[in-house]
**Student:** 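Sharing a structure, written as structure tokens. Questions coming.
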Amino acid sequence: MANSLDLFGIPARAWFEAAFEAPTPVQEAGWKSVAAGAHTLMCAPTGSGKTLAAFFWCLDQLAREPTPPDAARCRVLYVSPLKALTVDVERNLRSPLTGIAMEARRAGIDLPELTVAVRTGDTPTVDRRQIQRHPPDVLITTPESLFLMLTSGVREVLRTVRWVIVDEIHSMAATKRGAHLALSLERLSHLAEKDPQRIGLSATQRPLDEVGRFLGGAGRQVELVDTGERKALEVRVEVPVEDMADLERGARQYSGPAAALGTDGPGPRRSIWPAIHPRLLELIQEHRSTIIFVNSRRVAERLAARLNELWAEQAEVDGIVPLREGRPPELVRAHHGSIAREQRTEIEEALKAGKLPALVATSSLELGIDMGAVDLVIHVEAPPSVAAGLQRIGRAGHRVGEPSKGVIFPKHRGDLLEAATVVEGMLQGRIETTRVPRNPLDVLAQQVVAMCALEDWETDEMLALVRRAYPFSELTDRAYAAVLDMLAGRYPSNEFIDLRPRIVWDRVEGRLRGRAGAQRLAVVSGGTIPARGLLGANPLE
């Protein structure tokens, strides 16, 4: 059987063999599929080398080609659902890029200098302009920023894209955000000189063929690479009280800092939190680096503050923790989507560098950020799903072959039952079925305005493009016409007469064009709002 590394050039192969013992199963199978030119969906557990499996072939191909003119330079597009993940990927690409260049110099081979750029909502304006003036070889972005680029003059940069890598695809396939991205990918294919090869990456998805259809859309066959690997898990559910129905019954005795602090304050115990706090502190101090997941930003902030208070109290009792301005250094920081970019970056770097023992996070750290140093994940409350539990616990032991260790603390009896069920599903790999939303017309309306903002369209041509996106593959003529009617100002009653039309629909010629201000409206209103199930909807079929 041929070695998959034989597919690569001498510098790339030499760097990989010096850096790793051997390709992982997903790399072996994934490289062969991608090298054959197939649209590919790679499914493997966290820490199995999926990202390198997707990028390595592309980087090797770029290194073998002469540097094209600036206008044709952007050839690899990486789409991540998380801004923090884009920064991580950009950093991790430096190693293979630098290594391949060094091996080429040793072999006397001239290679072009490859450039990487990140375009997200955090990217400064000056860097965005630099991307437009001097496109990078590899562009890293988010679904929302891709939509904005396609709806502005920057889209010219994307005409030469040949590979599109969609990371953590499972986190978007079952949401309206995924439907939005599916339409953006079809817009990209329409814009590009050649339909880009699509490479999807995921650790948790079922059924695989449904996510494959989502990735490829209509008319594209997607090769599924599933090595059957399952991440080794060491997960337990821990209850820090003797009886969850009677919180005042004899509290469990702890050793270490929990024993010094005591499990409760004065008076009757009316909450389980006073029992959870000391145990969390104990676990943090027993491990090198810990992430604590909670299900809300408010809880994240409060829990981080309380753990730091206990840490300060312990320092005062023991006198062994070095003080800084009369207080010990911070033990825990909160991490969620509302904190500023600079602060978020500082927190992530401190954790990775080993300067910060723990983070209390919401879903902001659920996806594949490279947290190789994390050796324990704690979840307060049951994870919202088996897939989310696998993703979050998987942040621990993010290296190849290393098990993921996790502890779940339920807050009440119902939560205990749910936690036990989720953990059983995690250990058995019973991931929830992915259901792609069908025909979200609000997403369609937003994309139609964006498409019409920069160019005129034939009505049938646009409908054909929309139907190539898997979530809209069954869109009916009636539903499509209803969306166009609404956007063109043909409202069902006079109650909406004050709403300004967004597009002009020439029904005789069958053409669409945007009205003045359509581009600004599309850019300002980009993205989707998560569905919470609070309102019923009955879209046209």
Side-chain angles (χ1 to χ4, degrees), residues 9 12 34-35 37 39-40 51-52 54-81 83 85-94 96-98 100-101 111-167 169 181-201 215 220 450-451 454-455 523 526:
V34 173
H39 302 290
T40 304
T51 305
L52 184 59
F55 268 113
F56 199 48
W57 169 260
C58 303
L59 295 180
D60 180 62
Q61 294 301 298
L62 297 184
R64 296 201 211 187
E65 299 175 356
T67 304
D70 258 8
R73 187 144 187 178
C74 185
R75 288 157 287 170
V76 181
L77 180 68
Y78 170 89
V79 182
S80 160
K83 285 190 281 189
L85 182 54
T86 63
V87 177
D88 224 51
V89 168
E90 190 271 338
R91 182 190 300 106
N92 291 339
L93 282 178
R94 295 174 195 161
L97 287 174
T98 303
I100 291 171
L111 293 186
E113 183 178 350
L114 302 180
T115 58
V116 181
V118 176
R119 169 61 165 88
T120 69
D122 290 338
T123 305
T125 302
V126 63
D127 292 341
R128 299 183 190 187
R129 291 173 180 162
Q130 181 69 10
I131 290 172
Q132 186 169 8
R133 286 195 293 262
H134 302 287
D137 298 290
V138 180
L139 180 58
I140 299 170
T141 189
T142 61
E144 290 72 27
S145 289
L146 173 60
F147 169 77
L148 295 180
M149 286 190 287
L150 289 168
T151 315
S152 68
V154 188
R155 67 181 188 155
E156 296 303 317
V157 168
L158 303 175
R159 286 191 184 275
T160 53
V161 169
R162 288 159 49 191
W163 296 279
V164 179
I165 301 170
V166 184
D167 205 352
I169 191 170
L181 173 62
L183 283 174
S184 291
L185 291 176
E186 293 303 334
R187 291 175 61 191
L188 174 66
S189 294
H190 176 79
L191 173 71
E193 296 170 357
K194 182 181 178 182
D195 188 27
Q197 183 179 4
R198 300 185 182 187
I199 305 171
L201 305 175
L215 173 65
R220 298 181 190 87
M451 292 167 69
L454 297 181
E455 59 182 311
V523 169

**Student:** So do P66 and P112 actually touch side chain to side chain, heavy atoms under 4.5 Å?
**Tutor:**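 Not touching, per the 4.5 Å side-chain cut-off.
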
**Student:** Do L139 and L158 have side chains that get closer than 4.5 Å, going by heavy atoms?
**Tutor:**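 L139 reaches L158 side chain to side chain.
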
**Student:** State, with a plain yes or no, whether a side-chain heavy atom of R119 is found less than 4.5 Å away from one of R128.
**Tutor:**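 The answer is yes; the side chains approach within 4.5 Å.
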
**Student:** Taking only residues two or more places apart in sequence or in another chain, which ones pass side-chain contact (heavy atoms from CB on, under 4.5 Å) with D137?
**Tutor:**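 So D137 forms a side-chain contact (heavy atoms from CB on, under 4.5 Å) with L62, R73, R75, L114, T115.
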
**Student:** Looking only at heavy atoms, what is the nearest atom pair of V116 and P136, with distance?
**Tutor:**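 So the minimum-distance heavy-atom pair works out to C-CB, 4.1 Å.
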
**Student:** Given side chains that start at C-beta, do those of T151 and R187 come closer than 4.5 Å, heavy atoms only?
**Tutor:**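 Yes, at least one pair of side-chain atoms sits under 4.5 Å.
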
**Student:** So, taking the atom named CG in L59 and the one named CH2 in W163, what distance separates them when rounded to the nearest 0.5 Å?
**Tutor:**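 Answer for the CG-CH2 pair, L59 versus W163, is 9.5 Å.
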
**Student:** Could you check if a side-chain atom of E156 sits within less than 4.5 angstrom of a side-chain atom of P135, using non-hydrogen atoms only?
**Tutor:**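 They are not in side-chain contact.
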
**Student:** Grab the two heavy atoms, one from C74 and one from T160, that are nearest each other, plus how far apart they are.
**Tutor:**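 Scanning both residues, the minimum pair turns out to be O-OG1, 2.7 Å.
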
**Student:** For side-chain contact (heavy atoms from CB on, under 4.5 Å), just list the numbers for L146 and L77, CA-CA rounded to whole Å, side-chain angles, deciding distance to a tenth of an Å, and then say yes or no.
**Tutor:** CA-CA 9 Å; L146 173 60; L77 180 68; 3.9 Å; yes

**Student:** Any idea which heavy atoms bring D195 and S189 closest together, and the distance?
**Tutor:**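 That closest heavy-atom pairing would be OD1-OG, 2.7 Å.
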
**Student:** Give a yes or no on whether R129 atom CZ has more than 12 heavy-atom contacts from other residues, nucleotides or ligands under 6.0 Å away.
**Tutor:**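 Open: at most 12 neighbouring heavy atoms sit under 6.0 Å from CZ of R129.
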
**Student:** Are the side chains of F56 and V34 in touch, meaning some heavy atoms are under 4.5 Å apart?
**Tutor:**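 No; the side chains remain at least 4.5 Å from each other.
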
**Student:** State the CG-CG distance between L185 and L215, to the nearest 0.5 angstrom.
**Tutor:**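 With rounding to 0.5 Å, CG (L185) is 8.0 Å from CG (L215).
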
**Student:** Would a 4.5 Å heavy-atom cut-off, applied to side chains only, mark L93 and Y78 as touching?
**Tutor:**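 Heavy-atom side-chain distance check fails, nothing below 4.5 Å.
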
**Student:** Taking all atoms of both residues into account, what is the closest heavy-atom pair of H39 and R198, and its distance?
**Tutor:**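 Where H39 meets R198 most closely, the heavy atoms are ND1-N, 3.0 Å.
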
**Student:** If we ignore hydrogens and angles and just use 3.5 Å, is the side chain of T123 paired with the main-chain N or O of V118 as donor and acceptor?
**Tutor:**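 Such a contact is found between T123 side chain and V118 backbone.
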
**Student:** With sequence neighbours excluded, tell me which residues meet ring pair (Phe, Tyr, Trp, His ring centres under 6.0 Å) with F147.
**Tutor:**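 Applying ring pair (Phe, Tyr, Trp, His ring centres under 6.0 Å) to F147 gives H180.
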
**Student:** Any side-chain heavy atom of V79 within less than 4.5 Å of one from T141?
**Tutor:**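 Yes - at least one pair of side-chain heavy atoms lies under 4.5 Å apart.
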
**Student:** Please list, chain by chain and in numerical order, all residues satisfying side-chain contact (heavy atoms from CB on, under 4.5 Å) with E455, sequence neighbours excluded.
**Tutor:**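 For E455 the side-chain contact (heavy atoms from CB on, under 4.5 Å) partners, ignoring immediate neighbours, are R155, W457.
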
**Student:** With no hydrogens and no angle check, do the side chains of S80 and D167 hold a donor and an acceptor under 3.5 Å apart?
**Tutor:**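 There is no such pair between these side chains.
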
**Student:** Of all heavy-atom pairs between T120 and S145, which one has the smallest distance, and what is that distance?
**Tutor:**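 The answer is CA-OG, 3.3 Å.
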
**Student:** Of the non-hydrogen atoms in G9 and D60, which two are nearest, and what is the gap between them?
**Tutor:**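 Looking at all heavy atoms of both residues, the closest pair is N-OD1, 3.1 Å.
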
**Student:** With rounding to the nearest 0.5 Å, note down the distance linking CD1 in I140 to CZ in F55.
**Tutor:**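 If I round to the nearest 0.5 Å, the distance is 5.0 Å.
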
**Student:** Within this structure, what is the CG-CD distance for the pair L181 and E186, rounded to the nearest 0.5 Å?
**Tutor:**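 Rounded to the nearest 0.5 Å, the CG-CD separation comes out at 10.0 Å.
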
